There are 2 protein chains.
Amino acid sequence: MFSLNYRDARPIYEQVRDGLRHLVVTGAIREGDQFPSVRALAASLAINPNTIQRAYESLEREGYLYTVAGKGAFAARKADVAGERRERLLRQFDEAAAELLFLGMTVEELGRRVAGAKEGAK
Amino acid sequence: MFSLNYRDARPIYEQVRDGLRHLVVTGAIREGDQFPSVRALAASLAINPNTIQRAYESLEREGYLYTVAGKGAFAARKADVAGERRERLLRQFDEAAAELLFLGMTVEELGRRVAGAKEGAK
DNA sequence: CCAACTGTACCAATCCGCTTAGTACAGTTT
DNA sequence: AAACTGTACTAAGCGGATTGGTACAGTTGG
């Protein structure tokens with residue numbers, strides 16, 4: 001599925017959240033697919049179930065995941081992703097672009113990079 | 001200069017570091033310019049000098065700042081910015097682009113956004 | 001109907017990073 | 001000499017992250 005990096009300063013639950021989101025963005029998990037259960041994923045990663053739950057709560061706030069009582073957690077539709085998440089991404093994109101341009105990269109180089117990112121996701 | 005957001009979950013020293021870096025990227029602070037002294041900036045932001053020093057240490061590791069014993073801290077040349085920092089930025093850029101494309105934005109829209117970021121920096 | 005699964009909600013305990021406060025020292029400037 | 005610069009310690013407190021354990025309500029399959 002994905003792995004944890006204990007050298008990383010980021011909290012484990014953030015690594016889990018980002019790892020799961022990445023699976024959705026890359027198409028490995030598609031709309032309606034069921035996420036692994038809290039306990040199963042915790043056992044798989046050798047961490048506490050509470051930490052997994054925390055990651056799921058965060059993903060649900062972002063709109064990438066919804067839960068059905070007693071059944072499990074499932075991947076939501078793209079349209080359900082929160083506007084707050086989209087704004088955060090745009091800020092991240094703009095800030096990275098501005099600093100890369102300052103450091104000497106060109107608009108063309110970054111444009112090619114965006115096109116390449118689209119290919120990678122297919 | 002810039003301000004702190006105590007509602008933000010990010011540590012103060014990171015907010016200071018990012019705020020100072022932003023001043024460099026936008027051209028408010030240029031190569032060779034002196035940064036405010038540790039104590040002066042601490043007083044200005046009403047926080048502990050140790051916290052400012054920590055931000056300066058981080059900026060120095062990134063290559064945006066260098067210090068001269070007894071004189072102060074100064075803005076470095078673009079060429080001195082660490083490769084590690086550049087790689088981190090590229091990863092941030094690529095990840096944001098991939099997720100925005102997944103959410104329905106087009107390559108053209110993001111391309112225009114990059115061009116706009118270049119204008120904003122002038 | 002029951003056993004096994006699902007998410008969810010607590011609590012207590014521990015660990016670690018962030019921040020503050022204070023003191024101190026070496027180098028530079030005026 | 002006085003006033004500034006960055007830097008280096010130590011001690012203390014606070015709060016978030018993580019673990020471990022228990023518990024409950026809803027769903028599913030035998």
Side-chain angles (χ1 to χ4, degrees), chain A residues 1-21 23-24 29 32-76 80, chain B residues 1-21 23-24 29 32-76 80:
Chain A
M1 201 123 201
F2 60 91
S3 58
L4 298 178
N5 178 11
Y6 284 94
R7 300 180 189 176
D8 196 329
R10 283 161 44 207
I12 297 178
Y13 84 94
E14 288 188 9
Q15 292 187 45
V16 172
R17 156 166 61 69
D18 294 351
L20 291 172
R21 194 199 302 110
L23 290 176
V24 173
I29 294 181
D33 284 355
Q34 184 168 8
F35 283 93
S37 82
V38 168
R39 291 173 181 80
L41 187 52
S44 165
L45 295 174
I47 59 176
N48 195 282
N50 292 337
T51 305
I52 302 293
Q53 191 193 348
R54 190 160 188 178
Y56 277 26
E57 287 172 357
S58 184
L59 273 179
E60 189 160 19
R61 274 193 298 271
E62 288 183 356
Y64 275 102
L65 177 153
Y66 68 92
T67 63
V68 181
K71 293 189 65 176
F74 303 87
D80 292 330
Chain B
M1 202 127 201
F2 61 91
S3 58
L4 297 178
N5 178 12
Y6 283 94
R7 300 180 189 177
D8 196 329
R10 284 162 41 206
I12 297 178
Y13 84 93
E14 289 189 9
Q15 293 188 44
V16 173
R17 156 166 59 68
D18 295 351
L20 291 173
R21 194 198 304 107
L23 291 177
V24 173
I29 295 181
D33 284 354
Q34 184 166 8
F35 283 93
S37 82
V38 168
R39 292 172 181 80
L41 186 51
S44 164
L45 295 175
I47 59 178
N48 195 285
N50 291 337
T51 305
I52 302 293
Q53 191 194 348
R54 190 160 186 179
Y56 277 25
E57 285 173 357
S58 184
L59 273 178
E60 188 160 22
R61 274 193 298 271
E62 288 183 355
Y64 276 102
L65 178 153
Y66 68 91
T67 62
V68 180
K71 292 190 65 176
F74 303 86
D80 292 331

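Below, all heavy atoms of this structure are taken into account, side chains as well, without hydrogens, waters or symmetry copies. Note that the coordinates shown come from a computational prediction; the quantities given were computed from them, not determined experimentally. Labels below follow one simple rule: chain letters A, B, ... track the order of the sequence lines, proteins then strands, and each chain is numbered from 1.
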Are OP1 or OP2 of [N] and a side-chain N or O of [X] less than 4.0 angstrom apart?
X	N	result
A:Y13	D:dA17	yes
A:T51	D:dT19	yes
B:T67	D:dG6	no

Tell me: [atom1] of [X] to [atom2] of [N], nearest whole Å?
X	N	atom1	atom2	result
B:Y56	D:dT5	OH	C1'	11 Å
B:I52	D:dT5	CD1	C1'	15 Å
A:Y6	D:dA17	OH	P	16 Å
B:K71	D:dT7	NZ	P	15 Å
B:E57	D:dA8	CD	P	7 Å
A:N50	C:dA13	CG	C1'	13 Å
B:E14	C:dT19	CD	C1'	13 Å
B:Q15	C:dG17	CD	P	20 Å

Evaluate the side-chain proximity of [Y] to [X]: yes if any heavy-atom separation is below 4.5 Å, no if none is.
X	Y	answer
B:M1	B:S44	no
B:R54	B:N48	no
B:L45	B:I52	yes
B:E60	B:E57	no

*asked:* Categorize B:Q34 for me: base, sugar-phosphate, or nothing, with a 4.0 angstrom heavy-atom threshold over every strand shown.
replied: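 Contact class for B:Q34: none.
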*If you measure from OG1 on B:T67 to CZ on B:F35, what distance do you get to the nearest 0.5 Å?*
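So the gap between those two atoms works out to 11.5 Å.
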*Quick one: on DNA chain C, does B:R39 or B:R54 contact a more 5' nucleotide (nearest heavy atom)?*
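Nearer the 5' end of the strand: B:R54.
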*So which one's nearest nucleotide on DNA chain C is more toward 5', B:A46 or B:G70?*
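It is B:A46, whose closest nucleotide lies nearer the 5' terminus.
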*Checking only heavy atoms, does the side chain of A:N48 share a donor-acceptor pair with the base of D:dG21 at less than 3.5 Å?*
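Result: no qualifying N/O pair found.
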Would you indicate which nucleotide in [options] comes nearest to any side-chain atom of [X]?
X	options	answer
B:I47	C:dT20, D:dG6, D:dT18	C:dT20
B:V38	D:dG6, C:dG7, D:dA17	D:dG6
A:Q53	C:dT19, D:dG6, C:dT8	C:dT8
A:E60	D:dT7, C:dT8, C:dT20	C:dT8

